[in-house]
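Below: one structure, written as structure tokens.
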Amino acid sequence: MTERSPLDWHSAPLEPSTRIDAAYRNTQNVRRFFTREIGEHFRFDRPFMAWMKSHRGSTLAEAAEQWRRHRQDDSQGSAENDA
């Protein structure tokens, strides 16, 4: 079996099934993918970037779901703190 070359995160077409590999980078191409999948309110933050780096083999769909969970947890924490 031949090993695949690393994905070019700057220009490769990205799909929900795209797997995060060792060459992963937070690029404008990745930002466009997540903005399409999540919405204009998508932003990279440190916890999410760390999650991406530590979850090689996960898909971009799984990463988008993680981002949504992270944001939901943040908003619930804020609501609890406001009470």
Side-chain angles (χ1 to χ4, degrees):
M1 178 180 238
T2 310
E3 190 173 320
R4 290 178 42 168
S5 59
L7 185 68
D8 180 354
W9 291 96
H10 293 279
S11 62
L14 301 177
E15 300 294 330
S17 60
T18 301
R19 297 226 173 250
I20 301 164
D21 64 11
Y24 174 76
R25 299 288 178 264
N26 296 320
T27 66
Q28 287 300 321
N29 191 32
V30 174
R31 182 183 307 276
R32 280 189 296 273
F33 169 83
F34 283 122
T35 299
R36 247 187 352 261
E37 292 294 310
I38 294 170
E40 291 296 322
H41 58 282
F42 170 78
R43 298 289 181 268
F44 281 115
D45 61 20
R46 286 183 178 158
F48 182 66
M49 290 186 297
W51 188 93
M52 294 291 288
K53 291 286 187 181
S54 67
H55 283 80
R56 291 181 189 162
S58 295
T59 65
L60 293 182
E62 292 168 324
E65 184 57 34
Q66 172 61 27
W67 189 90
R68 289 182 188 103
R69 276 194 304 270
H70 171 69
R71 290 297 171 174
Q72 184 177 23
D73 291 347
D74 282 354
S75 67
Q76 288 176 353
S78 295
E80 291 171 5
N81 290 337
D82 292 342

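In this text, all values refer to a predicted model and were calculated from it rather than measured experimentally. Along the sequence shown, residues are numbered consecutively beginning with 1.
- Each of L60, T18, T27 was compared with F33 under the side chain to side chain contact (heavy atoms under 4.5 Å, CB included) criterion, and only L60 meets it.
- Annotation: side-chain hydrogen bond (donor to acceptor under 3.5 Å, both in side chains) contacts of S17 (sequence neighbours excluded): none.
- Applying the side chain to side chain donor-acceptor pair (under 3.5 Å) test to residues at least two apart or on different chains, the pairs with a partner in residues 35-56 are D45-H70, D45-R71, W51-H55.
- Put simply, the side chain of N26 never gets that close to the backbone of F44: no donor and acceptor are under 3.5 Å apart.
- I20 and A63 get closest at one heavy-atom pair: CD1-CB, 4.3 Å.
- At a threshold of 4.5 Å between non-hydrogen side-chain atoms, the residues V30 and R25 do not count as touching.
- Between the D21 side chain and the P6 main chain, no donor and acceptor come within less than 3.5 Å of each other.
- Partners of F34 according to the ring pair (Phe, Tyr, Trp, His ring centres under 6.0 Å) rule, which considers only residues two or more places apart in sequence or in another chain, are F42, F48.
- Within the 4.5 Å cutoff, the side chain of W9 has no heavy atoms near those of the N29 side chain.
- Annotation: side chain to side chain contact (heavy atoms under 4.5 Å, CB included) contacts of T59 (sequence neighbours excluded): R19, A61, E62.
- In this view, Q66 and R69 satisfy the side-chain hydrogen bond (donor to acceptor under 3.5 Å, both in side chains) rule, not counting sequence neighbours.
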